Number of protein chains: 2
Amino acid sequence: MTKISTYDYLLEHRVKPSVQRLAVMEYLQQHHTHPTADEIYVHLVNKIPTLSKTTVYNTLRLLVEQGAARMLTIDEHNVCFDAMVEPHAHLLCTACGTVYDLPVDQVPVAAPGVLPGGHVAREASLYYRGTCADCLRRQAGN
Amino acid sequence: MTKISTYDYLLEHRVKPSVQRLAVMEYLQQHHTHPTADEIYVHLVNKIPTLSKTTVYNTLRLLVEQGAARMLTIDEHNVCFDAMVEPHAHLLCTACGTVYDLPVDQVPVAAPGVLPGGHVAREASLYYRGTCADCLRRQAGN
DNA sequence: CTGCAAAATTAGACATTTTCTTTATTGCCT
DNA sequence: AGGCAATAAAGAAAATGTCTAATTTTGCAG
C-alpha cells in the first residue's frame, strides 16, 4: 500500500483542497489524539491567523460526509475526530479522558449492513468506557 | 423474574428514593424513547412544578453512576438516557432522529472486561447510524 | 489580462446544553 | 422540638456548536 499525500487524499474523497482543509486534514493525520474541533482550531490558528472556528466546523463536517474522517461521540462533552476510517473500536478512559484506538483484530467490531427490523446501518461504532492501563497503574500506586 | 417497584429498584441501586428521583426513574422506565435531560424535565415539571433542571441533571448522573440507567452518546447533539441496563445495541436514524433498541440476540454486542493493552472496560456500547425501516419506506414512496 | 459568478472563508453574534454557586428545604436522629 | 446532613431549587455562568451577513478567493470565459 502506497502512502499518498494529504492533497491527493482529499481529492480522492472529492474534497477541494484549500489551505484550510489541508491543514485540518493534516492535523488529523499527524495527531492521533482524537482532537475536538476546538483543539484543532487552537493549534491551527497559530499557522493560519485568520482561520475561523466556523471553517474548522464546516471542514470537519465535510470530511466526515465525504468519508475522509470519522466523528466520535464517545465523550459526552465533546464530539471528537479521527483520521482513521478503517473500522476499529475506541476506549474512553474516564479517569484521564484519553481516547484510545483498538485495532479491529483485537476486539470484535460490528459492520454496517441491514439490521433486524429492516433498518439499514451506514456505520457502526463500538465504544468502551473504562480505565486505561496507565491510570490503573497510577491508581494501584496510591 | 419478578417485576419490582421503581422504589425498590432505586434502593437496590443505593439511590435514596426522593420524589424527584422516583419521577425521573419512572419516566425512564415508562417511556422507551431515549429522552434527553431536557425532555424529561419538560414532562415532569407539569407534575412537579418546583422541579429544577439541575435536579434532573444531578439525578441522571446519579442513576448512571449507580448503574440504574444508561447514558447514550449516540447523538452528536444530545446525550440521552435509557432505563434498560442489560446489554443491547442502538441505532440512530439520521433521517428522523429516533433511537432504536436492538436486542442482544439480534446483533453482536461486545461485553465489558479486560482489553488488549491492559485497559479495563466497565461498559461497552455498540452504536449504529443509518436509516430506520420507516424512513426507508417513506423515501421509497417519494 | 479583466471581469463575473460561484465557492469558500471570516467575524461575531447567537442559541443551546450543561454546570456551578448559593440559598432554601426536606427528612431523620436524638 | 432542635440540629444536622442530604437534597433540591433558582439563576447565573460556562462551554460548545450554529447562524448570518459580509468579504475574500477561486475558476473560468471573454
Side-chain angles (χ1 to χ4, degrees), chain A residues 6-7 10-11 13-28 34-66 68-81 92 94 97 99, chain B residues 6-7 10-11 13-27 34-66 68-69 71-81 92 94 97 99:
Chain A
T6 304
Y7 189 93
L10 289 186
L11 286 182
H13 289 86
R14 263 157 279 185
V15 174
K16 199 186 273 184
S18 68
V19 171
Q20 290 84 351
R21 290 170 178 176
L22 273 168
V24 170
M25 191 69 236
E26 266 169 14
Y27 187 87
L28 281 181
H34 306 94
T36 63
D38 193 62
E39 280 167 7
I40 297 171
Y41 170 74
V42 167
H43 278 81
L44 290 186
V45 82
N46 294 318
K47 297 181 186 173
I48 309 175
T50 64
L51 185 68
S52 100
K53 259 192 307 180
T54 308
T55 299
V56 175
Y57 279 101
N58 286 344
T59 300
L60 288 169
R61 178 156 32 79
L62 185 64
L63 292 177
V64 170
E65 277 170 11
Q66 301 298 323
R70 204 154 208 273
M71 178 179 67
L72 305 182
T73 59
I74 191 173
D75 185 314
E76 84 191 80
H77 300 292
N78 298 293
V79 176
C80 63
F81 296 88
L92 170 68
T94 49
V99 175
Chain B
T6 304
Y7 189 92
L10 288 186
L11 286 182
H13 288 86
R14 264 157 280 187
V15 174
K16 200 184 271 186
S18 69
V19 172
Q20 291 84 351
R21 289 170 179 176
L22 273 168
V24 170
M25 192 69 235
E26 267 169 15
Y27 187 87
H34 306 95
T36 63
D38 192 62
E39 280 166 8
I40 297 171
Y41 170 75
V42 168
H43 278 81
L44 291 185
V45 83
N46 293 320
K47 298 181 186 172
I48 309 174
T50 65
L51 185 68
S52 101
K53 263 194 295 187
T54 308
T55 299
V56 176
Y57 278 102
N58 287 342
T59 300
L60 288 168
R61 178 156 31 81
L62 185 63
L63 292 177
V64 170
E65 277 170 12
Q66 300 299 322
M71 179 179 67
L72 305 183
T73 58
I74 192 174
D75 185 314
E76 85 191 78
H77 300 293
N78 297 293
V79 175
C80 63
F81 296 88
L92 170 67
T94 50
V99 175

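Computed from a predicted model, the values in this text were never measured in an experiment. A, B, ... follow the sequence lines: proteins, then strands. Residue 1 opens every chain.
- N58(A) meets the side-chain hydrogen bond (donor to acceptor under 3.5 Å, both in side chains) test with R61(A); sequence neighbours excluded.
- From the 5' end on, the contacts that DNA chain C makes with chain B at under 4.0 Å to a non-hydrogen atom open and close at dT17(C) to dC20(C).
- At least one donor-acceptor pair under 3.5 Å links the side chain of R21(B) to the backbone N or O of K16(B).
- Atom P of nucleotide dA14(D) and atom CG of N78(A) are separated by 18 Å, given to the nearest angstrom.
- For H77(A), there are no ring pair (Phe, Tyr, Trp, His ring centres under 6.0 Å) partners, not counting sequence neighbours.
- Evaluation of the side-chain contact (heavy atoms from CB on, under 4.5 Å) rule for V99(B) yields H34(B), L72(B), I74(B), H90(B), L92(B) as partners, not counting sequence neighbours.
- A search for side-chain contact (heavy atoms from CB on, under 4.5 Å) contacts involving T36(B) returns D38(B), E39(B), N78(B), C80(B), not counting sequence neighbours.
- With sequence neighbours excluded, no residue forms a side-chain hydrogen bond (donor to acceptor under 3.5 Å, both in side chains) with T73(B).
- Here S18(A) lies in heavy-atom contact (under 4.0 Å) with sugar-phosphate atoms only.
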* Reading nucleotides 18-26 of chain D 5' to 3', which nucleotides get B (base under 4.0 Å from a protein heavy atom), which S (sugar-phosphate only), which -? -> BB-------

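- Applying the side-chain hydrogen bond (donor to acceptor under 3.5 Å, both in side chains) test to R14(B) and every residue at least two apart in sequence or in another chain returns nothing.
- When rounded to the nearest whole Å, the span between CE of M71(A) and P of dT16(D) equals 17 Å.
- Take A69(B) and apply the side-chain contact (heavy atoms from CB on, under 4.5 Å) test, not counting sequence neighbours, and it matches L28(B), L63(B).
- Applying the ring pair (Phe, Tyr, Trp, His ring centres under 6.0 Å) rule to Y27(B) yields the partners H31(B), H43(B); only residues at least two apart in sequence or on another chain are considered.
- With rounding to whole Å, L62(B) atom CG is found 13 Å from dA6(D) atom P.
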Validation: residues 44-57 of chain B side-chain donor-acceptor distances under 3.5 Å, sequence neighbours left out:
| residue | atom | partner | partner atom | Å |
| --- | --- | --- | --- | --- |
| S52(B) | OG | T54(B) | N | 3.2 |
| S52(B) | OG | T55(B) | N | 3.3 |

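- A heavy-atom distance below 4.0 Å to DNA chain D is reached by these residues of residues 37-51 of chain B, ordered by number: T50(B), L51(B).
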